[in-house]
Amino acid sequence: MTGQPDGDQDMPLVAHLTELRTRLLRCVIAVLLIFAALVPFAQEIYTLVSAPLRAYLPEGATMIATGVASPFLTPFKLTAWVALFLGVPVILHQVWGFIAPGLYQQEKRIALPLLASSIVLFYSGMAFIYFLVFPLMFHFFASVTPEGVAMMTDINEYLDFVLTLFFAFGVAFEIPVATFLIIWIGLVDVATLKKSRPYVIVGCFVVGMVLTPPDIFSQTLLAVPMWLLFEVGILFGAMVRRGATEEAGDGNAVATRKHDDPPPASQA
């Protein structure tokens, strides 16, 4: 790529810092506004998030709050995290607005879909664990509860547990974007990634073993999607690299034809 990036105006450092501060302030305001709108529904939000566990509690058992302020602070804390998660599109939009002027047109055509797909994949990972993994996981936990032990989970411990898994699955579903990026920037080629496929599959199952209960079914529910997403990243990365190679080949062919053409005949 040649030439200057689109919108490159050689802004001074102070102007860049001022713009960065403005965009960070917009992100904070957006999250605070979402949080303020959700606070009246904090109890309902916690009820919704805790539904997968409560569905498998023994008859007559309930969740408990061991802290004095937990009934108030725990839903409040969850609402803050939900506001942050819902504010991700606004945050990424501000990030895009900050870096876009320094990108070439070709980079913009790739970076913008990457940002959009990152948002979709992150939310998809959270939906995947809530609707599919949580029911299987909590059913397993309830089935292995020792005799004479009442399964009554503390609401704050449950929140910490599910937030960790929400974040872990959201990040795990970013595998296609990460795979695409390392191919696009030339850090690793497609052939090397294909040769590494057996190690990647083993790594996916190791991650599934760490993040899910110790049963092969739950591990597979995470490992298989991670592997498939890895294959999707390879597919799109190979398509982009092939397109870039073809463009470079066409450019070289044009330059060769111009070089081989005889000079125009001089006029008398």
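Just so you know, these numbers come straight off a predicted model, no measurement behind them.
I234 approaches K194 most closely through the heavy-atom pair CG2-CE, 4.1 Å.
Judged as a salt bridge (charged side-chain N to carboxylate O under 4.0 Å, His left out), not a single pair has a partner in residues 125-146 (not counting sequence neighbours). Residue pairs satisfying the salt bridge (charged side-chain N to carboxylate O under 4.0 Å, His left out) criterion with at least one member in residues 58-80, sequence neighbours excluded, are listed as follows: K77-D160. Sequence neighbours left out, not one pair with a member in residues 64-75 passes salt bridge (charged side-chain N to carboxylate O under 4.0 Å, His left out).
With sequence neighbours left out, F161 forms a ring pair (Phe, Tyr, Trp, His ring centres under 6.0 Å) with no residue at all. Annotation: salt bridge (charged side-chain N to carboxylate O under 4.0 Å, His left out) contacts of R197 (sequence neighbours excluded): E231. For F134, the ring pair (Phe, Tyr, Trp, His ring centres under 6.0 Å) criterion is met by F138, F166, not counting sequence neighbours. The ring pair (Phe, Tyr, Trp, His ring centres under 6.0 Å) check on H139 picks up Y56, with sequence neighbours excluded. S70 is linked by a side chain to side chain donor-acceptor pair (under 3.5 Å) to nothing, counting only residues two or more places apart in sequence or in another chain. Evaluation of the side chain to side chain donor-acceptor pair (under 3.5 Å) rule for T66 yields D154 as partners, not counting sequence neighbours. For Y130, there are no ring pair (Phe, Tyr, Trp, His ring centres under 6.0 Å) partners at least two apart in sequence or on another chain. With sequence neighbours left out, T192 forms a side chain to side chain donor-acceptor pair (under 3.5 Å) with D189.
A 6.0 Å sphere centred on CZ of F205 holds more than 12 heavy atoms belonging to other residues, nucleotides or ligands.
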| message | Run L159 and Y46 through side chain to side chain contact (heavy atoms under 4.5 Å, CB included) and show every step you take. | response | CA-CA 9 Å; L159 178 59; Y46 192 91; 4.3 Å; yes
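Hydrophobic cluster membership of I29, counting Ile, Leu, Val, Met, Phe, Trp and Tyr whose side-chain heavy atoms lie under 4.5 Å apart directly or via other members: L25, L33.
Cluster annotation: V120 is not connected to F128 through the hydrophobic network of ILVMFWY side chains, with a link wherever side-chain heavy atoms come within less than 4.5 Å.
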